[in-house]
Student: 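One structure is given below, represented as structure tokens, and several questions about it will come after.
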Amino acid sequence: MKEKTQTPICSLYFLLFFVICLLCSVFTEHTNAEFTVSEYGPLTDSEAQYIKRRQLLYYRDEFGDRGENVKIDPSMVFENDRIKNAYIALQAWKQAIISDPFNITVNWVGPNVCNYTGIFCAPALDNPKIRTVAGIDLNHGDIAGYLPEELGLLTDLGIFHINSNRFCGTIPRKFKNLKILFELDLSNNRFAGKFPYVVLSLPKLIFLDIRFNEFEGNVPSQLFDKPLDAIFINHNRFSFELPENFGNSPVSVIVLASNRFHGCLPASIGNMTNLNEAILMNNGLRSCLPAEIGLLENLTVFDVSFNQLMGPLPENFGQLVNLEQLNVAHNMLSGTIPKSICQLPKLENFTYSYNFFTGEPPVCLRLPEFHDERNCLPNRPVQRSPAQCKAFLSKRIHCGAFRCHKFIPVLPPPPPLSPPLPAPPPPVVWVSS
């Protein structure tokens, strides 16, 4: 019988090594191949993922500035160290840009950063004798890329506007160094991940706009304790209950629309006395409307449409003397529309369609614009069927069942203490001679 010949072990190892090397070569060639993104319009998911991976690879050092990646020509002369830092930051950003179809950054060359397109310089607040980068405005640039950590070197930045671009990834941690930044507009991009907590460490911030991105998860309650004037976080994927300190916010405008909020609309909203516009539409809010909204005398726009709000419209809404636009459509509200609402002096548009209201004062029909279809209103066109109305209205709504927190008014600060009265002069003692 002929014995079988066996392949030596070393030959097997060599063959396996050869196959692995071949696979690695193919993989490396594929991953290092030039990846380009479309010059205009929205990014595809694969393009967005590519940009995010580039950002992650770039941040091998979790906390360090990667400024060593920007080489400075020794012949360059900068007017001061802050301009030099700005050069490092902007050159790092230029490296992080994948597509610039309008060539906005084409002149980002050389040490004179104040001449770069979209870069604005001004005297430094702490030293007016020197110039520094005070503002960035790249709005509507259709630029694709990510934000590098080096942007934290722009410590004199007051305005950062990059809305309507195609930036991806996350917000750099080093933004915490932007201690005088007061306007941050990252809207209409493709930023993702959790809420950018770094914005909570910006002491001068008054305008925050991160709408139309892909942020997700919870929104920190600390946001509503910050002295912001405007909050725009709409059209993301945030999912949380509005916290009880919601009413602590001093904002004049707040837009939370098209997220995944749920639970109660906090009664603490009644403490937001600066509020002009509140748009909370298209969420999952499920409670009764708190009567404390009637305390918001400066309110001009209030939109809570496309939620799951129940119960009646509070009579207190008739105290909103500056209200111009009121939209409560596409909820499960019921009862009679309070006459006082339709008598508000500035009310121009009142939309209460797609609810279960059963009563409507005639004065509401004389508003400049109103929408009352798909309710249970007698003698009005385009209403719900009697069967629908009977099925819903047979169930009584108990607002207390939602277990929303009670309203706690914010008390005004106590008056300053009166200065103490001066001590009386010492008595005069006469000594006879």
Side-chain angles (χ1 to χ4, degrees), residues 194-203 205-206 208 210-211 215-234 236-299 301-317 319-320 328 331-333 397-414:
K194 302 299 183 182
F195 179 89
Y197 276 75
V198 67
V199 305
L200 301 178
S201 63
L202 303 177
L205 192 68
I206 60 173
L208 175 64
I210 59 173
R211 57 186 156 172
F215 293 113
E216 62 187 9
N218 197 12
V219 173
S221 60
Q222 301 95 304
L223 178 68
F224 304 109
D225 289 323
K226 285 190 66 65
L228 295 167
D229 181 63
I231 296 175
F232 298 90
I233 61 174
N234 50 294
N236 280 283
R237 300 176 183 175
F238 292 124
S239 178
F240 74 112
E241 292 189 21
L242 291 175
E244 275 309 296
N245 69 326
F246 178 69
N248 292 356
S249 180
V251 291
S252 63
V253 178
I254 187 164
V255 183
L256 311 180
S258 298
N259 281 285
R260 299 170 185 170
F261 302 157
H262 50 273
C264 296
L265 178 55
S268 64
I269 191 175
N271 288 319
M272 300 172 73
T273 53
N274 295 328
L275 198 58
N276 297 133
E277 298 184 17
I279 301 178
L280 293 80
M281 63 177 290
N282 195 25
N283 280 291
L285 297 173
R286 187 178 178 87
S287 70
C288 292
L289 283 166
E292 288 77 13
I293 294 171
L295 300 173
L296 306 178
E297 295 182 356
N298 294 313
L299 198 62
V301 177
F302 187 67
D303 189 338
V304 289
S305 59
F306 291 91
N307 281 286
Q308 301 174 42
L309 298 169
M310 301 182 190
L313 266 181
E315 183 75 36
N316 304 46
F317 275 38
Q319 301 170 10
L320 302 174
V328 296
N331 281 286
M332 293 179 280
L333 300 169
I397 303 298
H398 297 278
C399 291
F402 295 109
R403 298 185 178 180
C404 300
H405 291 275
K406 300 294 184 182
F407 176 64
I408 301 176
V410 174
L411 299 176

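Quantities reported herein were computed from a predicted structural model and do not represent experimental measurements. Computed from heavy atoms alone, side chains included, the values below leave out hydrogens, waters and symmetry copies.
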Student: Mind checking the OG-CG spacing from S249 to L223? Nearest 0.5 Å is all I need.
Tutor: 7.0 Å
Student: In terms of the angle between their ring planes, are F317 and F302 parallel, tilted or perpendicular, with boundaries placed at 30° and 60°?
Tutor: perpendicular
Student: What closest approach, in Å, do L275 and V253 show between heavy atoms, and which atom pair accounts for it?
Tutor: CD1-N, 4.4 Å
Student: Testing N234, V301, L280 for side chain to side chain contact (heavy atoms under 4.5 Å, CB included) with V255, which one passes?
Tutor: N234
Student: Any heavy-atom pair between the side chains of M332 and R286 that's under 4.5 Å?
Tutor: yes
Student: Quick check: does any side chain N or O of N274 sit under 3.5 Å from a backbone N or O of V251, one acting as donor and the other as acceptor?
Tutor: no
Student: Hey, does the side chain of N245 reach the backbone of F224 with a donor-acceptor pair shorter than 3.5 angstrom?
Tutor: no
Student: What are the two closest heavy atoms between K406 and A267, and how far apart are they?
Tutor: C-CB, 4.5 Å
Student: Which distance, rounded to the nearest 0.5 Å, do you find between the CD1 of I269 and the CZ of F407?
Tutor: 10.5 Å
Student: Assess the residue pair V328 and L309 against the criterion (side chain to side chain contact (heavy atoms under 4.5 Å, CB included)); give the C-alpha distance rounded to whole Å, side-chain angles, the decisive distance to 0.1 Å, and a yes or no.
Tutor: CA-CA 9 Å; V328 296; L309 298 169; over 6 Å; no
Student: Are L242 and L256 side-chain neighbours, meaning at least one heavy-atom pair lies under 4.5 Å?
Tutor: yes
Student: Could you measure the distance from the CG atom of N331 to the CE atom of M281? Nearest 0.5 Å is fine.
Tutor: 10.5 Å
Student: Taking atom CE of M272 and atom OG of S252, what is their separation to the nearest 0.5 Å?
Tutor: 9.5 Å
Student: Nearest heavy-atom pair of T273 and G270: which atoms, and what distance?
Tutor: CG2-O, 4.3 Å
Student: How close do S287 and C404 get, counting heavy atoms only, and between which atoms?
Tutor: CB-SG, 3.7 Å
Student: What pair of heavy atoms forms the shortest contact from G247 to N271, and how long is it?
Tutor: O-CB, 3.6 Å
Student: Would you give the length of the straight line joining atom CZ of F246 to atom NE2 of H405, rounded to the nearest 0.5 angstrom?
Tutor: 14.5 Å
Student: Apply disulfide bond (SG atoms under 2.5 Å apart) to residues C399 and C288 and explain how you reach the verdict.
Tutor: CA-CA 6 Å; C399 291; C288 292; 2.0 Å; yes
Student: Would you say that L265 contacts L289 through its side chain, given a criterion of any heavy-atom pair below 4.5 Å between the two side chains?
Tutor: yes
Student: More than 12 heavy atoms of other residues, nucleotides or ligands under 6.0 Å from CD of E297: yes or no?
Tutor: no
Student: Measure across K226 and L202 and return the closest heavy-atom pair with its distance rounded to 0.1 Å.
Tutor: NZ-O, 3.0 Å
Student: Do I254 and L228 touch side chain to side chain, with heavy atoms closer than 4.5 Å?
Tutor: no
Student: Any side-chain heavy atom of N236 sitting closer than 4.5 Å to one from F195?
Tutor: no
Student: Could you grab the distance from atom CD1 of I233 to atom CZ of F238, nearest 0.5 Å is fine?
Tutor: 5.5 Å
Student: Indicate whether any N or O donor in one side chain lies under 3.5 Å from an N or O acceptor in the other, for N248 and D225.
Tutor: yes
Student: Output yes when a side-chain donor or acceptor of D303 lies under 3.5 Å from a complementary backbone atom of S305, and no otherwise.
Tutor: yes
Student: Within the structure provided, determine whether S239 and N218 are in side-chain contact (heavy-atom separation under 4.5 Å).
Tutor: no
